[in-house]
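Values below: all heavy atoms of this structure, side chains included; hydrogens, waters and symmetry mates excluded. Letters A, B, ... are given to chains in the order of the sequence lines, protein chains preceding strands, and every chain is numbered from 1.
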Amino acid sequence: MLDIKLIRERPDFVRQRLATRGAGEEQLIEGILLADDQRRKALAEVEILKATRNRVSKEIGALMGQKKFAEADAKKVETKDLGDQITALDQQAKTAEGARDGLMLRLPNLPHESVALGKGAADNPLVRRHGEKPDFAFQPKSHVELCESLKLVDFARGVKLSGSGFLLYTNWGAKLERALIQYMLDLHTREHGYTEVAPPLMVGPQCLEGVGQFPKFKDQYYGVAEGNDAAKLGQLYLIPTAETPVANIHREEILSEKQLPICYCAYTPCFRGEAGAAGVGTRGMIRVHQFDKVELIKIVKPEDGYAEQEKMLADAERVLQSLGLHYRVVELCTGDMGFASAKTYDIEVWAAGQGSYLEVSSVSNCEDFQSRRMNMRFKTEAGENKFPHILNGSGTALARLFVALVETYQQVDGSVLIPPALQPYLKTNQLVP
RNA sequence: GGAGAGAUGGCUGAGUGGUUUAAGGCACACGCCUGGAAAGCGUGCGUAGGUAACACUACCGUGAGUUCAAAUCUCACUCUCUCCGCCA
């Protein structure tokens, strides 16, 4: 949520920044200003009436105390119809506020001034590359072939159980998934200073609204119902990312400045409907309805937001570096950034069998966009309440990391070598057919 | 699923229709005192809207209602706790 004061005072600036996203949301500003104006006018009017009513009621109370009932009755007549006027104006203000806030929730964040202008992925500036694409003396296979021959994933039975877009990891495949999760959690908690949390996997809609997934993208998530009770549908949703519960941990709280920065790290499965998305319905692990992810969340003072984002990016890169994987970092341009973000870096890992880079991490500074929606604040030493910056980053997403790993480390005989850092976790140095 | 109790500021806790603007305590901040501290004393201390600053307005779990006036009365709902049942 943007600051209504900013929209009120600098509407053209806000329109201009929104326009750089290229989705037309700047057109909502006019309606917001109109509703805001209606709300303020109604409030100004009704507050005068309420002040009158409060004053007269107090006088009536005093007269009743002195048993001057006739005078009290006269006063009652004076304020008789105030109540109806107040009710009507309150209603007007409330309606206008609802209209204003409904539109405000659909406005994305303003891109940070440093973010490159652009329309889509093709305009994303390359920040850096790390390592080299591995050389193969043979034609590298796709992860689908490797997973089948090594019996790491049973694609057909995954589909049998839950439909397309669901994976059944088997034997060493399941162990590799678990080893990667544990490896990343240990790295971030032991070496990067994050505190591990294990949040609920189902959350109420207020959490999705808090991070900006609702109301605009409501059709992309799984709502659940208890039993067959249709009335309960939509009270809880399967989380699309650990960001949803973890960023909301301190919602509606006033933290103290001393607590910041707060750094959380969480492993969770992630559930995404991906309605209409390309890739679902085909075989493979690149785009699925359920995948595992280790997520990083930071709550920081505004002045530290961008420095902390660089650190978080480095923390995520460290996963790929320590596993010996080639990757590149790109900065998302204004047209390609997510709804809540002011600035985002993507990390894309090289998948030799695919012959392409796969997005395994997205590191965003949402500034105070989410903390405003959640009403999460911190009290400065000076006693002022401020909205903190909230950052999220994948550290990293599984499935695709799994893909990159097996495709990168495949051997001519069809086996897959395990990089040294992971060997203590998997307790083997090679997967063989 | 059944029965009972409860929901008031950062915490605790009083407040059963009006003269209170939610008492008191704890915690916290500043000052006095002190060699320094503790204790003591004094001052301040919820959130938001609004104003140049005051004024003013709203908020006592949520939503309706009664009334000139609601933390207080009425109705509905939500959540929490205790006990019972079921259960990994």
Side-chain angles (χ1 to χ4, degrees), chain A residues 1-9 32-33 35-102 104-105 198 200-207 209-210 225-237 245 248-260 262 299 368 371-388:
Chain A
M1 185 121 71
L2 300 180
D3 186 356
I4 183 64
K5 284 184 189 157
L6 181 68
I7 298 174
R8 219 180 265 155
E9 287 160 18
I32 290 172
L33 287 172
D36 183 53
D37 194 51
Q38 288 171 345
R39 173 180 171 273
R40 283 156 63 84
K41 283 197 172 126
L43 274 183
E45 209 176 326
V46 77
E47 284 184 6
I48 291 169
L49 296 181
K50 283 181 178 174
T52 306
R53 183 178 70 180
N54 287 347
R55 181 174 48 76
V56 176
S57 290
K58 208 170 280 182
E59 289 167 7
I60 292 171
L63 291 170
M64 298 287 275
Q66 298 160 32
K67 305 212 183 298
K68 297 178 179 169
F69 299 117
E71 285 177 53
D73 284 343
K75 292 270 187 192
K76 284 186 193 179
V77 172
E78 197 180 312
T79 54
K80 193 77 181 169
D81 58 339
L82 271 183
D84 290 340
Q85 290 179 49
I86 287 170
T87 305
L89 281 169
D90 267 342
Q91 192 55 49
Q92 271 182 38
K94 205 173 163 183
T95 303
E97 183 173 295
R100 183 193 71 178
D101 293 347
M104 294 266 288
L105 285 173
L201 305 182
M202 296 192 283
V203 294
Q206 74 280 8
C207 291
E209 186 179 291
E226 188 181 342
N228 277 330
D229 188 351
K232 299 230 165 154
L233 184 64
Q235 288 186 359
L236 289 173
Y237 293 82
N248 276 287
I249 288 175
H250 299 289
R251 63 178 292 121
E252 291 155 48
E253 291 182 22
I254 300 178
L255 302 162
S256 79
E257 187 170 359
K258 284 179 224 144
Q259 288 174 266
L260 305 184
I262 291 173
I299 301 165
D368 59 6
S371 51
R372 284 180 187 282
R373 288 177 164 240
M374 298 171 188
N375 200 22
M376 180 201 298
R377 288 160 292 173
F378 72 97
K379 196 177 277 294
T380 64
E381 302 286 354
E384 190 188 359
N385 290 333
K386 293 174 86 171
F387 292 103

Practice problem: Under 4.0 Å between any heavy atoms, over every strand shown, what does A:Thr79 touch: base, sugar-phosphate, or nothing? Just pick one. | Solution: sugar-phosphate

Exercise. Quick one: pull up CD1 in A:Ile4 and CG in A:Leu6 and give me the separation to the nearest 0.5 Å.
Key: 9.5 Å

Practice problem: May I ask which nucleotide in the shown strands pairs with B:A7, Watson-Crick or G-U wobble, both distances under 3.5 Å? | Solution: B:U78

Exercise. Give none if B:C86 has no partner; otherwise give the nucleotide forming a Watson-Crick or G-U wobble pair with it, both distances under 3.5 Å.
Key: none

Quiz item: Distance from A:Asn385 atom CG to A:Thr380 atom OG1, nearest 0.5 Å?
Solution: 7.5 Å

Quiz prompt | Counter-base of B:G35, judged by Watson-Crick or G-U geometry with both distances under 3.5 Å | solution = none

Quiz item: In the strands shown, is B:C54 matched to any nucleotide by a Watson-Crick or G-U wobble pair with both distances under 3.5 Å, and which?
Solution: none

Exercise. Would you indicate whether the side-chain heavy atoms of A:Met376 and A:Glu252 approach each other to under 4.5 Å?
Key: no

Exercise. Rounded to whole angstrom, note down the P distance from B:U16 over to B:C86.
Key: 43 Å

Quiz item: Less than 4.0 Å between a side-chain N and a carboxylate O, is that true for A:Asp37 and A:Lys41?
Solution: yes

Quiz item: How far, in whole Å, is B:C68 from B:G13 if one measures between their C1' atoms?
Solution: 32 Å

Quiz prompt | Whole-Å P distance, B:A23 and B:G15 | solution = 14 Å

Quiz item: So does A:Arg8 pair up with A:Asp3, basic N to acidic O under 4.0 Å?
Solution: no

Self-check item: Spatial distance of atom CZ (A:Arg53) from atom CD1 (A:Ile60) [nearest 0.5 Å]
Solution: 11.0 Å

Exercise. Decide yes or no on salt bridge (Lys or Arg N to Asp or Glu O under 4.0 Å) for A:Glu71 and A:Lys75, but give the supporting numbers first.
Key: CA-CA 6 Å; A:Glu71 285 177 53; A:Lys75 292 270 187 192; over 6 Å; no

Quiz item: When you measure from the side chain of A:Thr79 to the backbone N and O of A:Lys76, does any donor-acceptor pair fall under 3.5 Å?
Solution: yes

What are the atom names and distances for every N/O pair under 3.5 Å that joins the protein to nucleotides 59-66 of chain B?
{"from": "B:A64", "atom 1": "OP1", "to": "A:Lys94", "atom 2": "NZ", "distance (Å)": "2.8"}

Quiz prompt | Check against side-chain contact (heavy atoms from CB on, under 4.5 Å), A:Ile262 and A:Leu260 | solution = CA-CA 5 Å; A:Ile262 291 173; A:Leu260 305 184; 4.1 Å; yes

Practice problem: Indicate, with a heavy-atom threshold strictly under 4.0 Å, whether A:Lys75 touches base, sugar-phosphate, or nothing. | Solution: nothing

Self-check item: Distance, C1' atom - from B:A88 to B:A5, rounded to whole angstrom
Solution: 29 Å

Exercise. Taking atom C1' in both B:G2 and B:G18, compute the distance separating them and give it to the nearest angstrom.
Key: 43 Å

Self-check item: Pairwise C1' distance for B:U51 and B:A55, with rounding to whole Å
Solution: 8 Å

Exercise. Name the pairing partner of B:G42, where a pair is Watson-Crick or G-U wobble with both distances under 3.5 Å, or state none.
Key: B:C30

Return the polar atom pairs (N/O with N/O) between nucleotides 47-58 of chain B and the protein under 3.5 Å, or none.
{"from": "B:U47", "atom 1": "OP1", "to": "A:Lys379", "atom 2": "NZ", "distance (Å)": "2.9"}
{"from": "B:U47", "atom 1": "OP1", "to": "A:Asn385", "atom 2": "ND2", "distance (Å)": "3.1"}
{"from": "B:U47", "atom 1": "O3'", "to": "A:Arg377", "atom 2": "NH1", "distance (Å)": "2.7"}
{"from": "B:A48", "atom 1": "OP1", "to": "A:Arg377", "atom 2": "NH1", "distance (Å)": "2.6"}
{"from": "B:G49", "atom 1": "N2", "to": "A:Glu47", "atom 2": "OE1", "distance (Å)": "3.2"}
{"from": "B:G50", "atom 1": "OP1", "to": "A:Arg8", "atom 2": "NH1", "distance (Å)": "3.3"}
{"from": "B:G50", "atom 1": "OP1", "to": "A:Arg40", "atom 2": "NH1", "distance (Å)": "2.8"}
{"from": "B:U57", "atom 1": "OP1", "to": "A:Asn54", "atom 2": "ND2", "distance (Å)": "2.9"}

Exercise. Using the C1' atom on both, measure B:U47 against B:G10 and round to a whole Å.
Key: 12 Å

Quiz prompt | P-based separation of B:U8 from B:A71 [nearest Å] | solution = 16 Å

Practice problem: To the nearest Å, give me how far apart CD (A:Glu252) and P (B:G9) are. | Solution: 14 Å

Quiz prompt | Contact summary for A:Gln38 and A:Ala96, nearest pair of heavy atoms | solution = CB-CB, 4.0 Å

